[in-house]
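Have a look at the structure below, then the notes.
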Amino acid sequence: MKQFISVKDVTDIDALVKQALLYKANPFIDKALGANKRIGLLFLNPSLRTRLSTQVAAQHLGMEPIVYNVDKEGWSLEFNEGAIMNGTTVEHIKDAAPILGHYFDILCIRTFPSLQNKEQDYSEKIIHQFIKYAGIPIVSLESATLHPLQSLTDIITIQESMALNENLKNKQPKIVLTWAPHIKSIPQCVSNSFSEWINAWGAANFVITHPKGYELDTQYTNGATITHNQDEALKDADFVYVKNWSSYNEYGKVLSTDANWMLTNEKLATTNNAKVMHCLPVRRNVELSDEILDGPNSLVTKEASNRVWAAQAVLAKILGSLS
Ligand code: CP
């Protein structure tokens with residue numbers, strides 16, 4: 001694997017999940033794989049889980065991780081070709097990225113979308129410029145439109161949960177992605193990515209439910225059943241993935257904050273005792289209720305802890321491809 005920015009970089013999802021679960025059982029079996037290799041983790045935006053789980057994963061593989069909080073500690077980067085840099089940006093990506101390519105063996109980057117300029121966000125301009133100019137493998141720690149390490153984690157968590165549940169063994173699970181309310185404009189990354197990965201995995205009955213106006217980009221959702229009726233969607237669900245996102249069509253807008261879309265125990269009662277997932281961070285009692293998050297069906301802590309094994313499986317694949 002030469003880069004990891006979407007599911008398209010993965011040839012076999014199930015094999016990657018298997019490798020991740022192998023690392024979960026034996027964290028240090030490939031400790032020698034990353035010896036004398038350095039991994040740079042660049043954050044243009046905040047993070048708890050991604051930042052720490054990727055560092056832990058790198059250390060399990062014997063690598064030295066170095067974190068660089070570009071947003072707080074770095075020079076302000078310019079990404080526009082031919083820019084006359086007489087404004088706020090100090091260093092062009094064309095100058096910075098090749099240097100990072102010399103310091104590190106693998107470079108991981110977190111960026112967020114502007115949620116102002118759809119064309120620019122969906123062109124993934126920032127991560128593509130790192131790929132173009134760094135000259136080393138690039139791993140997305142969440143980009144403008146996708147969050148592949150989160151989605152790989154989500155499939156690991158679903159498979160792990162199915163293996164532990166007699167009722168779900170050898171069954172095609174019903175997985176529902178439901179929109180939830182939020183007070184802020186939130187990226188579509190996690191929902192795009194979850195849809196892309198579940199569709200590519202192809203082992204589930206996949207349903208997406210959201211209010212009118214929250215349709216996601218069809219390049220990710222094609223293959224899923226889409227409904228505006230949350231009650232209908234939740235019926236007999238085995239897994240419910242809760243997430244807010246802002247509008248894709250009316251780009252970045254918050255069109256609804258309808259609290260009726262928040263998942264409660266009453267709604268959960270219509271499912272097949274579904275396990276509930278969320279990538280975190282979550283705004284309690286806005287996006288997801290206390291009773292669900294603190295209840296027995298919540299997988300959120302397990303899901304977040306599995307971020308280590310997803311990152312470790314991906315980094316090992318990339319290390320294996322380094323000459
Ligand atoms: N889920 C996730 O990516 O969490 P962080 O933003 O804290 O990394």
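Ligands are counted one by one from 1 in listed order, and the atoms in each one are counted from 1 as well.
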Are any of the N or O atoms of Cys279 closer than 3.5 Å to those of ligand 1?
yes

For a 4.5 angstrom cut-off between non-hydrogen side-chain atoms, does Leu263 reach Val276?
yes

I'd like to know whether the aromatic ring centres of Tyr248 and Tyr122 sit less than 6.0 Å apart in this structure.
yes

Going by the closest heavy atom to atom 2 (C) of ligand 1, which one wins out of Glu303, Glu142, Arg51, Arg307?
Arg307

Under 3.5 Å, N or O to N or O, is Pro281 touching ligand 1 that way?
no

Option passing salt bridge (charged side-chain N to carboxylate O under 4.0 Å, His left out) with Glu142 (candidates Arg49, Arg51, Arg307, Arg110)
Arg110

Protein contact of atom 6 (O) of ligand 1 - nearest heavy atom, named by residue and atom, plus distance
Arg110 NH1, 2.8 Å

Quick note on ligand 1: atoms under 4.0 Å from a heavy atom of His147 include exactly 2 (C), 3 (O)

Mind checking whether Tyr23 and Trp309 have ring centres under 6.0 Å apart?
no

Is it the case that Asn192 and Thr145 place a side-chain donor and acceptor less than 3.5 Å from each other?
no

Any side-chain heavy-atom pair of Phe43 and Cys108 under 4.5 Å
no

Closest to atom 4 (O) of ligand 1 among protein heavy atoms sits Arg49 NE, 2.9 Å

If you have a sec, work out which protein heavy atom is nearest atom 7 (O) of ligand 1 and how many Å separate them, to one decimal?
Leu48 N, 2.7 Å

So for Leu280 against ligand 1, with non-hydrogen atoms under 4.0 Å, the contacting part is backbone

